[in-house]
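All heavy atoms count here, side chains included; hydrogens, waters and symmetry mates do not.
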Amino acid sequence: MKALFLAGGKGTRLRPLTDHLPKPMVPVMGRPLLERSIEALKECGVNKVVFSTGYRADDIEKYFSSSEFGVNIHYVCEDIPLGTGGAIKNCADYFNDTFIIFNSDIVSNIDLNDMVAFHKKKRADVTIAATRVQNPSSYGVIEYDEFGFATTFTEKPKPGEEKSDFINAGVYVFNPKVLDLIPSNRVVSVEKETFPALLQNGYKIAVYRGGTYWIDIGTPEKYMRVHADIFSGLCKIPENNFLTNRIYGLERIQIHDTARVIGPVWFGDDVRIGANVTVGPNVVVGSGFESGRGCVISDSILWNNVSVGSGVSITKSVVTAGCRIGSGIQCANTIYSQESKRHLVI
Ligand code: GDD
Ligand code: MG
């Protein structure tokens, strides 16, 4: 089975986390989200994937060319964004059998084998994974009938005008013949144009309600939320024993005798923690981290190659790659970005 990742968006709502990274490459527990998604797909027997890229396409291609990920990857880069439907159409040549499409900013435990089996059982043209949220107006809202087929699809209705709290979870199974219905060489939104047109023309869109965890990491709040959910055990990650040991990865790590680590904490490689530092709970310490003395770090996500001076306090914050935080600085509810050197209140 093959899969297509829609990975060309600008990630504007996730800024400044996406100032130097495309959204699919933003790290979730120390590893790019897209890499985590590929790992999960391999488990389901998907061995060929297509990345539809645009914004910072090279970052994606370089990363996945640099080592072996156990799947065959093709890249289709857009010079001008084609929208979600245009991007799907642009990759049509790769797909001549039932295939899976993903938005690239999703963390979920949707069982893809089960979803594909459901799609076939329903003899649907398209199957959309659906989940329930409290604020459906930020998403594609789906109404469906008693047989599990969609009756309406409304992308981001005005607040108060949502007809359902079931939303598009950004995972689709497509029959390739549907690709013939998407126009070529122009911007198309699969959500605003293609899905409503399919319904109007009598095509069958099945609604799959599987999985117990779902979030998109489209905003800094949700980026922090997924980490909180992993730390609490609500969202599972494959790293061995992380949830039982509460501390992950202590190889090549120097922790001063007087420092304290309060789990859960996730460590990358080559980390050096100074005297009288307290790390945790709920901290991701990226690879190459270095700290001075007497720092207190909790409920935060530190990307790779962050260094902090002495007496620094970081709480409920994200510190992006390569940042240097001077001694004595207090960071709370902040996204600390190297480029802008500014603190944004989340
Ligand atoms: N190649 C390409 N070209 N990819 C694109 C383009 C484009 O022009 N525009 C967006 N994408 C990719 C994004 O990178 C992302 O992975 C995916 O398509 C969806 O775009 P978002 O910008 O994240 O959309 P959204 O979050 O506002 O809404 C979508 O996701 C919701 C679930 O999180 C919609 O599909 C909603 O219906 C859905 O509920
Ligand atoms: Mg999104």
Side-chain angles (χ1 to χ4, degrees), residues 1-7 23-53 60 63-65 67-76 84 87-88 91-131 142 148 167-179 190 204-217 226 229-230 233-243:
M1 168 106 43
K2 296 185 194 172
L4 168 63
F5 281 88
L6 299 173
K23 186 165 58 169
M25 296 305 285
V26 163
V28 170
M29 298 306 269
R31 291 170 61 199
L33 172 56
L34 197 50
E35 183 184 345
R36 289 194 173 278
S37 306
I38 297 284
E39 288 296 322
L41 265 188
K42 272 196 316 196
E43 300 291 308
C44 301
V46 171
N47 53 11
K48 247 183 204 162
V49 300
V50 179
F51 291 159
S52 168
T53 59
I60 298 181
Y63 184 84
F64 285 96
S65 314
S67 56
E68 200 48 64
F69 289 92
V71 285
N72 202 321
I73 302 174
H74 297 276
Y75 303 88
V76 179
T84 46
I88 295 169
C91 297
D93 287 350
Y94 287 95
F95 303 104
N96 52 17
D97 201 354
T98 303
F99 67 106
I100 311 172
I101 304 177
F102 295 91
N103 288 352
S104 301
D105 56 354
I106 302 299
V107 179
S108 84
N109 64 358
I110 292 170
D111 178 341
L112 294 168
N113 286 330
D114 189 52
M115 182 170 168
V116 172
F118 175 86
H119 172 81
K120 291 188 170 157
K121 196 177 97 196
K122 288 285 190 186
R123 296 175 187 279
D125 298 298
V126 168
T127 295
I128 301 181
T131 189
I142 303 173
I167 60 111
N168 167 20
V171 181
Y172 319 125
V173 182
F174 261 50
N175 284 355
K177 72 167 187 190
V178 170
L179 298 172
V190 79
K204 295 206 297 186
I205 300 185
V207 178
Y208 177 77
R209 291 176 44 198
T212 50
Y213 185 83
W214 181 89
I215 196 168
D216 68 23
I217 58 146
V226 73
D229 290 345
I230 293 171
L234 196 63
C235 173
K236 310 270 187 285
I237 57 166
E239 272 87 340
N240 232 354
N241 290 331
F242 174 60
L243 290 170

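Under the side-chain hydrogen bond (donor to acceptor under 3.5 Å, both in side chains) criterion, N72 pairs with no residue at all, not counting sequence neighbours. With sequence neighbours left out, T84 forms a side-chain hydrogen bond (donor to acceptor under 3.5 Å, both in side chains) with E191. Looking at residues two or more places apart in sequence or on another chain, you find a side-chain hydrogen bond (donor to acceptor under 3.5 Å, both in side chains) between S52 and E78. Every residue meeting the side chain to side chain contact (heavy atoms under 4.5 Å, CB included) condition with L234, not counting sequence neighbours, appears here in chain and number order: Y213, D229, S232. With sequence neighbours excluded, no residue forms a side chain to side chain contact (heavy atoms under 4.5 Å, CB included) with N47. The side chain to side chain contact (heavy atoms under 4.5 Å, CB included) check on K236 picks up L243, with sequence neighbours excluded. Taking E239 as the reference, R31, R36 meet the salt bridge (Lys or Arg N to Asp or Glu O under 4.0 Å) condition, with sequence neighbours excluded. The side-chain hydrogen bond (donor to acceptor under 3.5 Å, both in side chains) check on T53 picks up nothing, with sequence neighbours excluded.
Evaluation of the ring-ring contact (aromatic ring centres under 6.0 Å, His included) test over residues 29-51, restricted to residues two or more places apart or in two chains, returns F5-F51, F51-F64, F51-Y75. Residues in residues 105-126 take part in these salt bridge (Lys or Arg N to Asp or Glu O under 4.0 Å) pairs, two or more places apart or across chains: K23-D105, D125-K177.
The 12-atom threshold is not exceeded at NZ of K48, counting heavy atoms of other residues, nucleotides or ligands nearer than 6.0 Å.
Under the 30°/60° scheme for interplanar angles, the aromatic rings of F99 and F95 are found to lie parallel.
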When you look at L33 and V26, which way does the side-chain contact (heavy atoms from CB on, under 4.5 Å) test go after all the steps? CA-CA 6 Å; L33 172 56; V26 163; 5.7 Å; no
List the steps and the verdict of side-chain contact (heavy atoms from CB on, under 4.5 Å) for Y94 and L4. CA-CA 9 Å; Y94 287 95; L4 168 63; over 6 Å; no
Checking I60 against M25 for the side-chain contact (heavy atoms from CB on, under 4.5 Å) test, could you report, in this order, the C-alpha distance in whole Å, the side-chain angles of both residues, the deciding distance, and whether it holds? CA-CA 7 Å; I60 298 181; M25 296 305 285; 3.8 Å; yes
Between F102 and L41, is the side-chain contact (heavy atoms from CB on, under 4.5 Å) condition met? List the steps. CA-CA 11 Å; F102 295 91; L41 265 188; 3.6 Å; yes
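Under the 4.5 Å side-chain criterion, counting only non-hydrogen atoms from C-beta, V49 is in contact with I38.
Atoms OG1 and CD1, from T131 and I106 in turn, are 9.5 Å apart once rounded to the nearest 0.5 Å.
Paired with V50 under the rule side-chain contact (heavy atoms from CB on, under 4.5 Å), one option of V76, D93, I101 passes, and it is V76.
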